[in-house]
Q: 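Take this structure, written in structure tokens, and hold onto it; I'll ask about it next.
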Amino acid sequence: QVQLVESGGGLVQAGGSLRLACAASGGTFSRYNMGWFRRAPGKERALVAAIGWVGGYTRYVDSVKGRFTISRDNAKNTVYLQMNSLKPEDTAVYYCAADSKRLWSYDYDYWGQGTQVTVSS
């Protein structure tokens, strides 16, 4: 069983930056694909970025390419999401998730509780 705890959310002005972190425990972190999802008000949860456990392969949804960077530190059992040039439409609850098989999928095995990101205009 993997436990995930997100941190780093908050309120930021448009154009600003935030770095989210997700600390994992209870499993072999280096063997899990990790994803960042978000749920905006009134919308379905959406996959934003993912990073593989093999070779650090990364993938992003088009709306965040060039602005967000996902990375992982296996020594610290932590995955990060660096968010730059934030826009009001990035406002959402952000969740990290872990899965031993899936990468670009909505069906991850383990989920964190989420952290709120609010971008003011």
Side-chain angles (χ1 to χ4, degrees):
Q1 191 77 8
V2 176
Q3 292 82 44
L4 303 170
V5 179
E6 301 96 335
S7 61
L11 173 64
V12 64
Q13 288 189 328
S17 298
L18 282 174
R19 188 175 82 154
L20 306 183
C22 173
S25 61
T28 305
F29 177 76
S30 61
R31 291 298 187 96
Y32 285 91
N33 299 318
M34 301 298 297
W36 281 101
F37 294 73
R38 66 186 180 189
R39 188 194 299 274
K43 295 188 177 181
E44 298 288 322
R45 187 162 57 189
L47 180 55
V48 174
I51 185 166
W53 68 273
V54 178
Y57 171 80
T58 60
R59 184 172 174 179
Y60 302 89
V61 69
D62 285 347
S63 59
V64 308
K65 283 181 181 177
R67 300 189 299 123
F68 291 11
T69 302
I70 188 171
S71 61
R72 64 191 298 160
D73 185 338
N74 288 340
K76 295 183 178 180
N77 289 354
T78 301
V79 63
Y80 303 96
L81 186 67
Q82 177 67 45
M83 305 186 295
N84 299 328
S85 302
L86 282 161
K87 304 176 181 180
E89 52 263 43
D90 294 317
T91 295
V93 178
Y94 283 72
Y95 303 86
C96 74
D99 197 283
S100 60
K101 295 181 177 62
R102 302 171 186 89
L103 180 67
W104 199 252
S105 167
Y106 287 87
D107 198 18
Y108 273 54
D109 285 337
Y110 304 103
W111 294 85
Q113 299 273 18
T115 185
Q116 176 71 47
V117 171
T118 303
V119 185
S120 63
S121 57

Q: Are the side chain of R72 and the backbone N or O of G52 linked by a donor-acceptor pair below 3.5 Å?
A: yes
Q: Would you check if the distance from the ring center of F68 to the ring center of W36 is below 6.0 Å?
A: no
Q: Would you say Q13's side chain and S120's backbone share a donor-acceptor pair under 3.5 angstrom?
A: no
Q: Checking the side chain of R102 only, and the main-chain atoms of D107 only, is there a donor and an acceptor separated by less than 3.5 Å?
A: yes
Q: What closest approach, in Å, do A14 and P88 show between heavy atoms, and which atom pair accounts for it?
A: CB-CD, 4.1 Å
Q: Going hydrophobic residue to hydrophobic residue with side-chain gaps under 4.5 angstrom, can you get from L103 over to Y106?
A: yes
Q: Is there a chain of hydrophobic side chains (I, L, V, M, F, W, Y, each step under 4.5 Å between heavy atoms) that links W104 to Y57?
A: yes
Q: Which pair of heavy atoms, one from A98 and one from L4, lies closest together, and at what distance?
A: N-CD1, 3.7 Å
Q: Using the ring of Y80 (Phe, Tyr or Trp, six-membered ring only), decide whether R19 places NZ or CZ under 6.0 Å from its centre and within 45 degrees of its axis.
A: yes
Q: Quick check for you: to the nearest 0.5 Å, what is the distance between L18 atom CG and Y94 atom OH?
A: 9.0 Å
Q: Looking at Y60, I'd like to know if the NZ or CZ of R67 sits under 6.0 Å from its six-membered ring centre while staying within 45 degrees of the ring's axis.
A: no
Q: Under 4.5 Å between any side-chain heavy atoms of M83 and V64, yes or no?
A: no
Q: Looking at Y95, is its backbone amide N or carbonyl O close enough to the side chain of R39 to form a donor-acceptor pair, meaning the two atoms are under 3.5 Å apart?
A: no
Q: Is K87 salt-bridged to D90, going by a charged N under 4.0 Å from an acidic O?
A: no
Q: So, do F29 and K76 sit near enough that their side-chain heavy atoms are less than 4.5 Å apart?
A: no
Q: Do L81 and W53 land in one hydrophobic cluster if side-chain heavy atoms of ILVMFWY residues count as linked below 4.5 Å?
A: no
Q: With rounding to the nearest 0.5 angstrom, report the CE to OH distance, M34 to Y108.
A: 8.0 Å
Q: Main chain of C96, side chain of E6: is a donor-acceptor contact present, judged purely on distance under 3.5 Å?
A: yes
Q: Would the distance check show the side chain of D73 and the main-chain N or O of T78 forming a donor-acceptor pair, the cut-off being under 3.5 Å?
A: no
Q: Has N84 got a side-chain atom pairing as donor or acceptor with S17's backbone, closer than 3.5 angstrom?
A: no
Q: Tell me the closest heavy-atom pair linking V79 and S71, and the distance in Å.
A: CG2-O, 3.1 Å
Q: Considering all heavy atoms of both residues, which atom of W111 and which atom of A97 are nearest to each other, and what is their separation?
A: CE3-CB, 3.7 Å
Q: Measure across T115 and L20 and return the closest heavy-atom pair with its distance rounded to 0.1 Å.
A: CG2-CD2, 4.0 Å
Q: Just how far is it from atom CG of D99 to atom CG of D109, taken to the nearest 0.5 Å?
A: 4.0 Å
Q: What's the spacing between L11 CG and Q116 CD if we round to 0.5 Å?
A: 9.5 Å
Q: Which pair of heavy atoms, one from S105 and one from F37, lies closest together, and at what distance?
A: O-CZ, 3.3 Å
Q: If you count the non-hydrogen atoms of other residues, nucleotides and ligands that lie under 6.0 Å from CD in Q113, is the total more than 12?
A: no
Q: A side-chain contact here means heavy atoms from C-beta on lying under 4.5 Å apart; do E89 and V119 qualify?
A: no
